[in-house]
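Inspection log for the structure reproduced underneath, given as structure tokens.
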Amino acid sequence: MDMAKPHAALLSSPGMGHLIPIVELGKRLVTHHNFTLTIFAVTSPMSPAESHVIQSSMSPKLFDIVQLPPVDISGLVDANSSIVTQLSVMMRETRPAIRSAISALKPRPTLLIVDLFGTESFPIADELDMLKYVYVATNAWFLALTIYVPFLDKEVEGEYVHQVESLRLPGCKSVRPEDVVDPMLDRTNQQYVEYVRMGSEIPMSDGILLNTWADLHPTTLAALRDDGLLGRVTKSPVYPVGPLTRTVSASKGQLFDWLDKQPSESVIYVSFGSGGTLSCEQTTEIAWGLELSQQRFIWVVRPPSIRAADASFLTAGNASGDDPLNYLPDGFLTRTRNVGLVLPLWAPQADVLRHPSVGGFLSHCGWNSTLESITNGVPMIAWPLYAEQKMNATLLTEELGVAVRSKVLPSKKVVGRQEIEKMVRTIMEDKEGNAIRARVKELKQSAEKALSMGGSSFHALSELANQCEVRMQSQKAQAP
Ligand code: UDP
């Protein structure tokens with residue numbers, strides 16, 4: 001190991017939406033900023049997709065990944081508790097393993113970067129004399145709400161969803177009560193307590209990394225840095241370092257052979273992230289909406305669930321034996337066989353979105369999916385389901401102008417086939433969609449600029465590297 005290089009330890013919580021951004025941040029730190037790196041990944045026992053990400057990030061081998069199996073939390077949480085509660089408890093209970101794994105590293109890393117669920121490991125960094133950063137792998141507006149929620153907790157009476165007025169965040173766009181993140185839906189639930197805790201722990205870091213770029217949220221970032229506004233809460237510096245998205249693998253096989261034969265920007269890709277599941281009725285309406293739109297499509301289908309919209313989050317890519325194709329309308333597959341592909345459970349999404357034949361994305365608005373769409377210049381239909389996705393949908397439609405959405409939130413009411421047909425046509429071919437298609441291409445360029453040498457995101461990670469060097473120098477000076 002090169003002793004002159006900064007050495008960072010990155011900690012990822014279970015779930016594809018957490019592992020992927022940590023791995024991509026790791027790649028960037030090594031290839032562009034000369035870091036040595038070890039990733040500690042607490043993984044879900046049941047997710048083949050996570051194992052695949054870990055394996056594929058090993059060639060070329062840029063860093064070590066140490067898998068930390070989650071401890072059994074069955075005696076600590078109810079089996080039906082929310083994903084936020086489960087992840088919080090898993091990460092809390094894994095702390096002894098995290099501590100011994102980091103202490104065993106020689107030489108000791110200078111820096112610990114955790115994701116949103118890892119902030120309770122900050123005391124480990126303090127104890128081991130490491131800088132501590134949090135990577136909030138989503139956008140600036142979500143960060144603003146999260147760090148401000150401990151204040152809202154004191155100011156707002158009753159449930160947030162029952163408020164008449166939007167929730168005000170100093171210097172930022174207000175959040176409509178119907179858009180609040182899942183943990184804020186019920187203040188008596190443990191996930192709310194966990195979320196408020198995270199909001200109060202983030203500002204204890206030495207710095208906050210965001211998977212976005214400066215030009216995407218100038219107003220919110222300014223508020224987060226302004227001591228007269230949210231800066232007095234943030235306290236630590238905020239570094240937008242993105243958009244960091246999955247690098248493409250060799251895209252081969254039937255799916256890509258099919259895509260190669262389709263006209264440019266003619267295919268809409270439909271997928272609800274690693275966790276998204278729909279009701280039976282909604283699955284039927286999407287099938288009809290796609291068919292009526294007469295557009296080419298690729299649809300990643302899962303068996304319906306009425307239990308939760310994020311039912312497959314911790315089992316991504318895992319077949320349950322329940323064939324999702326059984327839930328499609330009679331004759332759908334035969335009638336659409338010349339224009340559509342239906343893929344059970346999982347697709348190589350980053351590669352699909354990068355293909356020139358893809359021209360639209362019906363998405364659950366997970367932030368990774370959102371970035372994968374924007375960085376490929378693909379306009380969206382925003383279909384938020386869980387986590388912070390309702391805020392993301394509002395950002396995409398009302399502020400950034402790169403998506404359309406249904407009149408009523410899909411979590412409140414089944415969206416009918418005619419409305420789906422109309423939205424698909426709008427982003428794919430109607431004149432009405434021209435502005436959206438042009439805007440997303442502008443954002444694609446703006447993202448490329450931010451990541452290029454000397455761009456704002458490149459510069460932000462260089463600052464992080466500088467902080468590490470300063471710490472390494474001072475540690476050397478103090479060494480006996
Ligand atoms: N993903 C994929 N294939 C799928 C579904 C998801 O490769 O069939 C990837 C997707 O490209 C993204 C991640 O899984 O990188 C999902 O992250 P996101 O933040 O969009 O949503 P989450 O799954 O965390 O809700």
Side-chain angles (χ1 to χ4, degrees), residues 12-25 27 43-44 47-57 82-84 86-87 115-117 135-139 142 181-182 210-212 242-249 251 253 255-256 269-278 297-303 305 308-319 324 341-355 358 361-376 378 380 382-393 395-396 403 411:
S12 141
S13 58
M16 289 291 279
H18 305 154
L19 178 63
I20 289 172
I22 285 281
V23 166
E24 294 308 321
L25 174 65
K27 288 183 190 163
T43 46
S44 320
S47 173
E50 285 178 25
S51 311
H52 179 72
V53 168
I54 291 177
Q55 271 158 23
S56 59
S57 62
S82 69
I83 295 288
V84 170
Q86 290 187 50
L87 292 181
D115 66 23
L116 194 57
F117 290 89
Y135 183 29
V136 180
T138 172
N139 62 72
F142 171 79
V181 298
D182 278 4
L210 284 170
N211 196 7
T212 188
L244 301 179
T245 54
R246 282 181 92 176
T247 34
V248 175
S249 53
S251 9
L255 169 63
F256 294 95
Y269 172 67
V270 182
S271 173
F272 301 94
S274 57
T277 43
L278 306 172
F297 66 85
I298 294 175
W299 180 12
V300 183
V301 222
R302 304 217 166 94
S305 164
D310 59 2
S312 75
F313 191 83
L314 292 174
T315 55
N318 197 354
L341 283 188
V342 174
L343 307 175
L345 304 174
W346 196 254
Q349 177 171 304
D351 305 65
V352 169
L353 285 169
R354 194 160 305 205
H355 197 285
V358 174
F361 183 12
L362 193 167
S363 170
H364 77 316
C365 305
W367 193 245
N368 293 297
S369 297
T370 299
L371 292 180
E372 286 159 15
S373 207
I374 293 178
T375 53
N376 288 299
V378 175
M380 275 167 274
W383 193 289
L385 292 176
Y386 55 93
E388 89 293 11
Q389 293 154 13
K390 286 176 257 176
M391 287 177 76
N392 296 348
L395 188 75
L396 292 170
S411 50

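Read the numbers this way: they start at 1 and go in the same order the structure lists the ligands and their atoms. All values reported here derive from a predicted model rather than from experimental measurement.
The N/O atoms of Ala347, backbone and side chain alike, include one that comes under 3.5 Å of an N/O atom in ligand 1. Residue Arg302 places no N or O, backbone or side chain, under 3.5 Å from any N or O of ligand 1. Between Ser274 and ligand 1, at least one N/O pair is under 3.5 Å apart.
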Practice task
Start with the C-alpha distance between Asn368 and Met16, add both sets of side-chain angles, then the distance that settles side chain to side chain contact (heavy atoms under 4.5 Å, CB included), and finish with yes or no.
Solution key: CA-CA 10 Å; Asn368 293 297; Met16 289 291 279; over 6 Å; no
Practice task
Before giving the answer on side chain to side chain contact (heavy atoms under 4.5 Å, CB included), spell out for Met391 and Asn139 the whole-Å C-alpha distance, their side-chain angles and the decisive distance to 0.1 Å.
Solution key: CA-CA 10 Å; Met391 287 177 76; Asn139 62 72; 5.7 Å; no
Problem - Full working for side chain to side chain contact (heavy atoms under 4.5 Å, CB included) between Tyr135 and Leu116 - result: CA-CA 7 Å; Tyr135 183 29; Leu116 194 57; over 6 Å; no
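The side-chain heavy atoms of Gln389 and Trp383, taken from C-beta on, include no pair separated by under 4.5 Å. Counting only heavy atoms from C-beta outward, the side chains of Ser271 and Phe361 approach each other to under 4.5 Å.
If you look at Trp346 next to ligand 1, the close heavy atoms, those under 4.0 Å, come from the backbone and the side chain alike. At a heavy-atom cutoff of 4.0 Å, ligand 1 is contacted by no atom of His18, backbone or side chain.
With ligand atoms numbered from 1 in the order given, ligand 1 contributes 25 (O) to contacts under 4.0 Å with heavy atoms of Gln389. Distances below 4.0 Å separate heavy atoms of Gly17 from the following atoms of ligand 1: 17 (O), 24 (O). The distance from ligand 1 to the heavy atoms of Gly366 drops below 4.0 Å at these ligand atoms: 18 (P), 19 (O), 20 (O), 21 (O). Proximity to Ser369 (heavy-atom distance under 4.0 Å) selects the following atoms of ligand 1: 18 (P), 20 (O). Each of the atoms 12 (C), 15 (O), 17 (O), 18 (P), 19 (O), 20 (O) of ligand 1 lies under 4.0 Å from some heavy atom of Asn368. Of all atoms in ligand 1, numbered sequentially from 1 with element shown, those under 4.0 Å from a heavy atom of Ile20 are 13 (C), 14 (O), 15 (O). Counting the atoms of ligand 1 from 1 in the order shown, those under 4.0 Å from a heavy atom of Trp367 are 19 (O). In summary, the atoms of ligand 1 found under 4.0 Å from a heavy atom of Arg246, numbered by their order in the structure, are 7 (O).
Ser13 and Asp115 form a side-chain donor-acceptor contact under 3.5 Å, judged by distance and modelled atom types alone.
Only one option out of Leu395, Asp182, Leu385 pairs with Lys390 in a side-chain contact (heavy atoms from CB on, under 4.5 Å); it is Asp182.
Ligand 1 lies within reach of Tyr386, whose nearest heavy atom is under 4.0 Å from it.
Considering CG of Leu396 and CD1 of Ile374, their distance stands at 5.5 Å, rounded to 0.5 Å. Atom NZ of Lys27 sits about 13.0 Å away from atom CD1 of Ile22, to the nearest 0.5 Å.
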